[in-house]
Amino acid sequence: MEPWRYSPEGLSIALRVTPRGGRDGIDGIETLADGRPVVKVRVRAVAEGGEANRAVVAVLAKALGVRKTDVRICAGVTSRLKQVAVGGDPVRLGHALRALTAAQPD
């Protein structure tokens with residue numbers, strides 16, 4: 001099961017974010033204790049004043065080849081668990097995300 005859902009507008013992605021993670025990047029897919037899969041994202045920014053959220057948007061936009069304005073946090077603004085919408089071609093975005101997460105198994 002993949003931690004993203006397709007829509008006509010793009011993708012909705014479930015994330016687990018690690019602020020102050022030492023580097024910015026995507027670390028594969030993890031299964032939470034309740035069985036839900038999430039994409040692991042690590043950012044250097046601290047979780048204060050929205051810095052980590054801005055860094056998450058930047059990391060996803062760069063990794064998926066979209067503009068920062070195409071990435072928005074829909075839920076979990078103050079949580080490590082977030083739901084993010086990415087606008088664009090859903091098939092292309094799905095392929096890109098699958099490639100980014102396949103290299104790092106759980």
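As a basis for the values below, the full set of heavy atoms in this structure was taken, side chains included, without hydrogen atoms, waters or symmetry mates. Residue numbers count from 1 along this sequence.
- For residues 47-59, the set of pairs meeting the side chain to side chain donor-acceptor pair (under 3.5 Å) definition, not counting sequence neighbours, comprises Asn53-Lys82.
- In this structure, the side chains of Leu15 and Leu81 stay at 4.5 Å or more apart for every pair of heavy atoms.
- In this structure, Arg16 and Arg42 have side chains that are not in contact, with every pair of non-hydrogen atoms separated by 4.5 Å or more.
- Here the shortest heavy-atom pairing between Val43 and Asp24 reads CA-OD1, 3.1 Å.
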Under the side-chain contact (heavy atoms from CB on, under 4.5 Å) criterion, do Ile26 and Leu60 qualify, and how do the steps go? CA-CA 8 Å; Ile26 296 174; Leu60 287 176; 4.1 Å; yes
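- You'll find the side chain of Arg80 reaches within 4.5 Å of the side chain of Thr18, heavy atoms only.
- Residues meeting the side chain to side chain donor-acceptor pair (under 3.5 Å) test with Arg36, sequence neighbours left out: Asp34.
- Rounding to the nearest 0.5 Å places CZ of Arg44 at 13.5 Å from CZ of Arg20.
- In this structure, the side chains of Pro37 and Glu30 stay at 4.5 Å or more apart for every pair of heavy atoms.
- At least one donor-acceptor pair under 3.5 Å links the side chain of Ser7 to the backbone N or O of Gly10.
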Going through the distances and angles, do Ile29 and Val38 end up as a side-chain contact (heavy atoms from CB on, under 4.5 Å)? CA-CA 6 Å; Ile29 296 175; Val38 291; over 6 Å; no
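- Of all the heavy atoms in Gln83 and Arg5, the pair that sits closest is NE2-NH1, 4.1 Å.
- Within a 6.0 Å radius of CZ in Arg67, other residues, nucleotides and ligands contribute 12 heavy atoms or fewer.
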Distance-only criterion, 3.5 Å: show the donor-acceptor pairs between side-chain atoms of residues 87-95 and protein atoms not counting sequence neighbours.
| from | atom 1 | to | atom 2 | distance (Å) |
| --- | --- | --- | --- | --- |
| Asp89 | OD2 | Arg92 | N | 3.2 |
| Arg92 | NH1 | Leu64 | O | 3.1 |
| Arg92 | NH2 | Leu64 | O | 3.2 |

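- Counting only heavy atoms from C-beta outward, the side chains of Ile13 and Val86 approach each other to under 4.5 Å.
- Contact annotation: the side chain of Pro19 never approaches that of Val46 to less than 4.5 Å [non-hydrogen atoms, C-beta and beyond].
- Residues Leu32 and Val41 do not share a hydrophobic cluster, clusters being chains of Ile/Leu/Val/Met/Phe/Trp/Tyr side chains in contact below 4.5 Å.
- Within the 4.5 Å cutoff, side-chain heavy atoms of Thr101 are placed close to those of Trp4.
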